[in-house]
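Here the structure is laid out as structure tokens; the discussion comes afterwards.
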Amino acid sequence: MSPSRTRAERDALTVEIMFALVSGAFLGIVGFLALGGVALWGGLPGPWRGPWLTVSEAFGGLLCGVRVVRVLRRLPGRPGTGASPADVVWTQPSQPGRTNPDS
């Protein structure tokens, strides 16, 4: 354990990792079922069924891996991971017609 991280930071990291794994697994299952559903419940001929399921499994695994990497790459606390312009939330002034808080 790193002495520079607090208990709350370690807990937040654990939650992020679990979120990445669970959302990646869900996306992988959905991707597999989207492609593999044709082979499982559709009318694919026998010779196509095996290769189609193999491609569906690879696609689901790829989606899962990409999701996990994308979630974990945006973890806070890493150098150079500050807010991007897309992360900035623009809010309207508190009173209509006023654009400056000093006015």
Side-chain angles (χ1 to χ4, degrees):
M1 286 192 286
S2 173
S4 62
R5 292 189 188 213
T6 65
R7 173 84 176 168
E9 289 172 333
R10 288 193 308 267
D11 289 346
L13 190 61
T14 302
V15 168
E16 265 318 294
I17 291 170
M18 289 307 298
F19 172 74
L21 293 173
V22 170
S23 66
F26 179 76
L27 189 62
I29 290 169
V30 168
F32 169 75
L33 290 176
L35 286 180
V38 174
L40 294 173
W41 300 292
L44 269 181
W48 283 90
R49 185 179 173 128
W52 192 268
L53 286 175
T54 302
V55 168
S56 300
E57 290 169 4
F59 181 70
L62 178 71
L63 285 178
C64 179
V66 166
R67 175 65 181 167
V68 168
V69 168
R70 285 197 57 172
V71 169
L72 294 181
R73 282 192 54 131
R74 67 174 173 89
L75 284 177
R78 290 183 41 210
T81 58
S84 68
D87 295 334
V88 175
V89 178
W90 298 100
T91 59
Q92 293 198 349
S94 59
Q95 296 179 356
R98 296 191 175 182
T99 58
N100 189 351
D102 296 332
S103 59

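The structure displayed is predicted, hence computed values, not measured ones.
Between Trp52 and Ala39, the shortest heavy-atom contact is CD1-CB, 3.6 Å. The heavy-atom pair separating Val71 from Ala20 by the smallest distance is CG1-CB, 3.6 Å. Closest of all the heavy-atom pairs between Ala25 and Cys64 is N-SG, 3.8 Å. Between Pro51 and Pro47 the shortest heavy-atom distance is CD-O, 3.4 Å. Across all their heavy atoms, Ser56 and Gly36 have their closest contact at OG-N, 3.1 Å.
For the pair Leu40/Phe32, a side-chain contact is recorded, criterion being any heavy-atom separation below 4.5 Å from C-beta on. A heavy-atom distance below 4.5 Å is not found between the side chains of Arg67 and Leu63.
Cluster membership check: Trp41 shares its hydrophobic cluster with Ile29, using side-chain heavy-atom separations under 4.5 Å among Ile, Leu, Val, Met, Phe, Trp and Tyr. One hydrophobic cluster, built from ILVMFWY side chains closer than 4.5 Å, holds both Leu27 and Leu35. In the hydrophobic clustering of ILVMFWY residues, with side-chain heavy atoms under 4.5 Å counting as a link, Leu53 and Val38 come out apart. Side-chain heavy atoms closer than 4.5 Å link hydrophobic residues (I, L, V, M, F, W, Y) into clusters, and following such links, possibly through other members, connects Val68 to Ile17.
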